[in-house]
Amino acid sequence: MTEPSFLGEFSQGNGQLAVENPATGEVIARIKSYDLDEIRALIETADRARHAWAARTAKDRANILRGWFNLVMQNQSALAELVTAECGKPLAESMGEVAYGAAFIEWFAEEAKRTYGETVPSFAPDKRILTIKQPVGTCAAITPWNFPIAMVTRKVAPALAAGCSIILKPAELTPLSALALEQLALEAGVPPEIFKVVPVTDPKPVGELFCSDPLIRKLSFTGSTAVGKILMRQSAQNVTKLSLELGGNAPFIVFDDADIDSAIEGAIASKFRNAGQTCVCANRFLVQQGVAAEFTAKLADRVGALKVAAGTEAGSQIGPLINRPGHDKVARLVSDALERGAKAAVGGAASDKGTLFYQPTVLTGVQSDMEIVSTEVFGPVAPIMTFADESEAIALANDTPYGLAAYFYTRDIGRAWRVMEALEYGMVAVNDGILSSEVAPFGGIKQSGLGREGSKHGIDEYLELKYCLMSGLA
Ligand code: SIN
C-alpha cells in the first residue's frame with residue numbers, strides 16, 4: 001500500500017498561514033488560520049461532546065487509540081517527510097520521531113484501562129472511603145516546533161485516554177504534522193468534536209483565550225520558560241490546571257573515571273539531536289581536568305565529521321536551524337564566547353550549506369560567566385568547561401534556575417548514586433545521552449516546569465481524583 005503524501009495535500013491550500021521549509025526558505029503550504037470566535041465555538045462544541053466520550057468504556061477509547069497508533073505507523077514515511085519539510089530535521093530523525101510519537105499513543109491506549117481508584121482503610125466503623133479518577137474535562141494544548149509529532153501525541157493521547165476533549169494549537173512554524181495527526185485520529189474513530197487542531201498566525205490571543213475561557217479546565221504547554229510564566233499568570237484567573245514543559249540548561253558531566261568513548265557517543269546523541277534544538281539537549285559540558293584533553297580531542301573529531309545538509313539529503317546528520325532568530329541567537333552566543341576568550345576546537349561559524357545552517361561546534365576554555373553557559377543554546381554547539389572534583393561538578397551543574405535533564409558519565413557506582421541524588425533535575429541519565437521514552441516520566445523542576453508527561457504518571461495530568469466518603473453503614 002502506498003502512503004498518501006500529506007505534503008502534497010497541504011501544498012494545495014491558500015490560507016493565511018504560510019509554512020516554510022527551513023532548509024530552503026520555500027513556502028511549502030498555506031493553510032487556514034483560525035480566528036478567536038471559531039476557536040471559542042470549537043471549545044464549546046468540545047465541551048458539549050466530552051460527556052459522551054467520557055461515558056464510553058475505557059476499552060472502547062483504548063481500541064480507538066490503538067487504531068490511531070496503527071495508522072500513524074502505517075504512515076510513518078509520509079509523516080516523516082512532513083516533519084523534515086516543516087522543521088528541517090534529517091529524515092532518519094523524523095522517522096524516529098514518528099515512532100517515538102506513536103509510542104505515546106500506544107502507551108496511553110494501554111493506560112486508558114488502568115486509571116484505578118482505591119479503597120482506603122476507614123477512620124470509623126460505619127464509614128468507607130474510596131477514590132475514583134475522572135476526566136478533567138475540556139483541555140487545551142500548545143505545542144512546539146521542534147517535535148511536531150511527538151509533542152502532540154504526548155499531550156493528546158493521555159487526554160483522550162482519560163476521557164477528555166482537547167483543542168490543540170500547534171506551533172505556527174510546524175502546524176502540518178499536527179493536522180496530519182488529526183486526520184489519522186479521525187480516521188481511527190476519534191470523534192471530530194473531541195480533538196481539534198487550530199493553527200493560527202498569532203499565538204498570543206489564543207494562549208489568553210485558553211487561560212480565560214472557563215470551559216478550559218486544563219492547559220498543557222511545551223515551550224519557553226518566558227511564555228510558560230505568562231500562561232501561569234493568565235491561568236490564575238480560573239485556576240486552570242497547568243502542565244508546563246519549559247526550558248532547560250542540561251549539564252553533561254564527564255568524570256575522570258568515565259568510559260570516554262561511551263561518553264563521546266552519548267555527547268553526540270544528546271547534543272546534536274535535531275541540530276541541538278531540544279529542551280533536553282546537553283547545553284554545557286563539564287569535564288574533569290584529568291580527561292579534558294582526551295574528551296575534547298575525540299569530541300572535536302566526531303563533531304567535525306558530522307554531515308551538515310538538508311534533512312532530505314542522504315546521510316544528513318545536522319539540518320538547518322528553525323528560523324532566522326534561532327540562527328542569530330546561536331551565532332551571537334558563540335561570538336560572545338569567542339570574544340571573551342573561548343576557542344573553537346571545531347566549527348564556530350555559520351555554515352555555507354544554506355542561510356539557516358550552522359557548523360557543528362565545540363568550544364573550549366568556556367567560563368561560567370559567559371552567556372552561552374546560562375542560556376539555552378538550541379543549536380549544534382558544545383561548550384566545554386572543566387572542573388577539579390565531584391563537589392565542584394555538582395555545584396556548577398546546579399547553578400541554574402532550570403532543572404529539566406542532566407547527564408553524567410562515571411564507572412564508580414558510589415559516585416553514580418551520590419551525583420544522581422545531588423543533581424537538582426527532573427531527569428538524570430547516568431552513562432547515557434538519551435533518556436526520552438514513552439514509559440518514563442518526562443518533566444522538570446524549578447523553572448523547567450510542572451507536571452510529567454509519558455509513563456504511568458502522564459495520564460494523571462488529565463484526571464481529577466475524587467474522594468468519596470460513604471457513611472451511615474452501621
Ligand atoms: C523537547 O525538546 O521538548 C522534547 C524532547 C524529547 O521528548 O526528547
Side-chain angles (χ1 to χ4, degrees), residues 72 83 86-90 92-108 141-158 168-171 173-174 177-178 181 220-228 231 242-250 252 266-283 319 321-323 326 329-330 375-380 402-407 425-429 432-455 457-458 461:
V72 170
V83 171
E86 65 179 350
C87 126
K89 65 178 71 170
E93 277 194 48
S94 297
M95 289 291 281
E97 183 188 338
V98 176
Y100 175 45
F104 288 106
I105 308 177
E106 182 186 45
W107 174 266
F108 285 111
I142 302 178
T143 50
W145 50 262
N146 61 344
F147 285 86
I149 295 277
M151 297 306 101
V152 171
T153 56
R154 195 153 84 179
K155 297 180 191 309
V156 174
L168 180 136
K169 186 205 75 62
L173 298 167
T174 59
S177 303
L181 284 171
S220 178
F221 168 72
T222 295
S224 70
T225 295
V227 173
L231 294 172
L242 277 183
S243 293
L244 300 174
E245 204 260 272
L246 307 177
N249 184 1
F252 188 107
I268 296 288
S270 169
K271 175 70 254 186
F272 294 95
R273 176 175 171 228
N274 198 15
Q277 301 171 109
T278 88
C279 54
V280 288
C281 275
N283 205 54
L321 295 175
I322 189 68
N323 58 10
K329 176 185 173 190
V330 173
T375 307
E376 194 174 30
V377 180
F378 249 61
Y402 298 103
L404 191 57
Y407 307 84
Y425 287 83
M427 300 176 282
V428 178
D432 212 317
I434 297 279
L435 40 60
S436 308
S437 161
E438 78 282 8
V439 307
F442 190 105
I445 62 172
K446 294 162 76 181
Q447 294 192 24
S448 289
L450 302 172
R452 293 293 178 269
E453 296 191 306
S455 82
H457 304 287
E461 302 282 327

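Count residues from 1 along the sequence. First listed ligand is number 1; within each ligand, the first listed atom is number 1.
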Which atoms of ligand 1 have any heavy atom of [X] under 4.0 Å away?
{"X": "Met151", "answer": "3 (O), 4 (C), 7 (O)"}
{"X": "Phe442", "answer": "4 (C), 5 (C), 6 (C), 7 (O), 8 (O)"}
{"X": "Arg273", "answer": "6 (C), 8 (O)"}
{"X": "Thr278", "answer": "2 (O)"}

Got the closest protein heavy atom to [atom], with its distance?
{"atom": "atom 7 (O) of ligand 1", "value": "Tyr100 OH, 2.7 Å"}
{"atom": "atom 5 (C) of ligand 1", "value": "Phe147 CE1, 3.6 Å"}
{"atom": "atom 8 (O) of ligand 1", "value": "Ser436 OG, 2.5 Å"}

request  = Flag this pair as yes if the NZ/CZ of Lys89 is under 6.0 angstrom from the six-membered ring centre of Phe147 and inside a 45 degree cone about the axis; otherwise no.
outcome  =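 Positive - Lys89 is close enough to the ring of Phe147 and near enough to its axis.
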
ask   = When you look for heavy atoms under 4.0 Å from ligand 1, do you find them on the side chain of Met427, its backbone, both, or neither?
value =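 For Met427, there is no contact with ligand 1 at all, from either part.
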
message = Between Ser243 and Glu453, do the side chains contain a donor N or O and an acceptor N or O under 3.5 Å apart?
response =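 Their side chains do not contain a donor-acceptor pair, so the 3.5 Å distance test is not met.
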
Are the side chain of [X] and the backbone N or O of [Y] linked by a donor-acceptor pair below 3.5 Å?
{"X": "Glu461", "Y": "Arg452", "answer": "yes"}
{"X": "Thr153", "Y": "Ala150", "answer": "yes"}
{"X": "Glu93", "Y": "Pro90", "answer": "no"}
{"X": "Ser448", "Y": "Gly247", "answer": "yes"}
{"X": "Asn249", "Y": "Asn283", "answer": "no"}

ask   = Quick one: does Gln277 get a heavy atom under 4.0 Å from ligand 1?
value =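 Gln277: no contact with ligand 1 (<4.0 Å).
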
query = To which of Gly247, Gly248, Cys279, Ala150 does the heavy atom nearest atom 3 (O) of ligand 1 belong?
reply =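 Shortest heavy-atom distance from atom 3 (O) of ligand 1: Cys279.
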
